[in-house]
Amino acid sequence: MKIKEVADRLKITQRAIRFYEDKGLIAPSKQDDNQYRMFDDEDIWRLQTIIALRESGMSISDIRTALSDADAHGNGQLRYFLELQRSVMFSKWVEMKQIIETTDEMIDSLKRNQGLALDNIFALAEGSRRLREQRAWEDRWGFDRLAGIHDRLVQEDERKYGNYDEALSLIVKWVSPIPGERGLDIGTGTGNLAGRLIKEGADMAGVDQSNEMLKECQRKFPEMETKLGNFLALPYLDGKFDFVVSSFALHHLTHDQMRMAIPEMRRVLKPRGRICIADLMTDGEGSAAREEGENYIPFSNLIDLLESSGYVTKFQKMNERLHVVLAVPIR
DNA sequence: ATTCTGACA
DNA sequence: TGTCAGAA
């Protein structure tokens, strides 16, 4: 297919297509004689993906990164394109939902008082701005190169992953899935936790930011469903899961992001859904500790967030850093 | 009639 | 990215 037809069908200009080529996002073949670009099926899919990602606000350079990952996946590429788009659509959907809720709050507040204090308005505006930034794509693919060696790392890095197996076992014990129950593992990585729950009869889905991780996960647990996504934009509709679990992932979030993650988990849970999390946290009431580039959040903060969200919690400290928390909704 | 490259808005 | 020019 030549450029005009592609541009017409994809509703973009020829200039845009050449621009993307110039930026290294796509490389259609060229006819030897006249240098006309020729687009095959894959090029079209690729372009379509670029357009979708662009519309969702991703920068050219981030798109390049995401796409070059896709290139490494041979035949799974089309699937990757679609997952990528699904993932950004969900981000948009969640963001939209939040903004609507924010607006509702303003309307509500407007009904009560005579009006909103200017400060409130600015605060809310600031909130939705922050929301945008925090859901940014930055560094979303950094984990890919770790995928192959992840499991070995877990075994070797005693300091960080000490009591790893015990923590996973405790989650399984606390969640004690009823066969057939549907569970979600956030930041599933190569699926170690999800795999154990599957063994108990749960129907598991896993979300991770890294496609490489998911690929490895898929290899280990073919029956598991995996999707690209993260804590702040879970790629599922409301009320789909009986429980949500997560291990060694929450500490990648800032405190503000963690605050947003809880309602997001609750969103995909059924009304009585439970949450069980194992992660590295600090003991103190104080501020987050920074170690080796990770920011561990005070354990009590998570408990507070959960309890103020209507959960009753139970927890166990595995070692200096590692804690396991179970949260079930009140009544 | 189409497409390409390059320059400039 | 849009637009325009000059060439194939």
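Letters A, B, ... mirror the listed sequences (proteins, then strands); counts begin at 1.
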**Student:** Is it true that, when you exclude A:Ile178 itself, more than 12 heavy atoms of the residues, nucleotides or ligands shown sit nearer than 6.0 Å to its CD1?
**Tutor:**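 No, because the 6.0 Å sphere around CD1 of A:Ile178 holds 12 heavy atoms or fewer from other groups.
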**Student:** Taking only N and O in the side chain of A:Thr13, is any of them less than 4.0 Å away from OP1 or OP2 of C:dT1?
**Tutor:**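 So the side-chain polar atoms of A:Thr13 never come under 4.0 Å of the phosphate oxygens OP1 or OP2 of C:dT1.
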**Student:** Run the salt bridge (charged side-chain N to carboxylate O under 4.0 Å, His left out) test against A:Arg196 and tell me which residues pass, sequence neighbours left out.
**Tutor:**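 By the salt bridge (charged side-chain N to carboxylate O under 4.0 Å, His left out) rule, A:Arg196 matches A:Asp165.
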**Student:** Figure out the NZ/P separation between A:Lys11 and C:dT1, and round it to whole Å.
**Tutor:** 17 Å
**Student:** My understanding is that only residues two or more places apart in sequence, or in another chain, count here; which of them pass side chain to side chain donor-acceptor pair (under 3.5 Å) with A:Lys270?
**Tutor:**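 Applying side chain to side chain donor-acceptor pair (under 3.5 Å) to A:Lys270 gives A:Asp242.
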**Student:** Heavy atom of residues 18-39 of chain A under 4.0 Å from DNA chain C: which residues?
**Tutor:**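 Close to the strand are A:Phe19, A:Tyr20.
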**Student:** Counting heavy atoms not belonging to A:Lys317, are there more than 12 under 6.0 Å from its NZ?
**Tutor:**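 Check passes, neighbour count above 12.
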**Student:** Measuring centre to centre across the rings, with the benzene-like ring taken for any Trp, is A:His323 within less than 6.0 Å of A:Phe299?
**Tutor:** yes
**Student:** Can any side-chain N or O of A:Thr226 pair as donor or acceptor with the backbone N or O of A:Gly206 at less than 3.5 Å?
**Tutor:** no
**Student:** Whole angstroms only, please: what is the CZ-P distance between A:Arg15 and B:dT3?
**Tutor:** 16 Å
**Student:** Roughly, in whole Å, what's the span from NZ in A:Lys2 to P in B:dA1?
**Tutor:** 14 Å
**Student:** Just how far, in rounded Å, is P of C:dT1 from CD1 of A:Ile17?
**Tutor:** 11 Å
**Student:** Could you state the atom-to-atom distance from CD1 of A:Ile12 to P of C:dT3 in whole Å?
**Tutor:** 15 Å
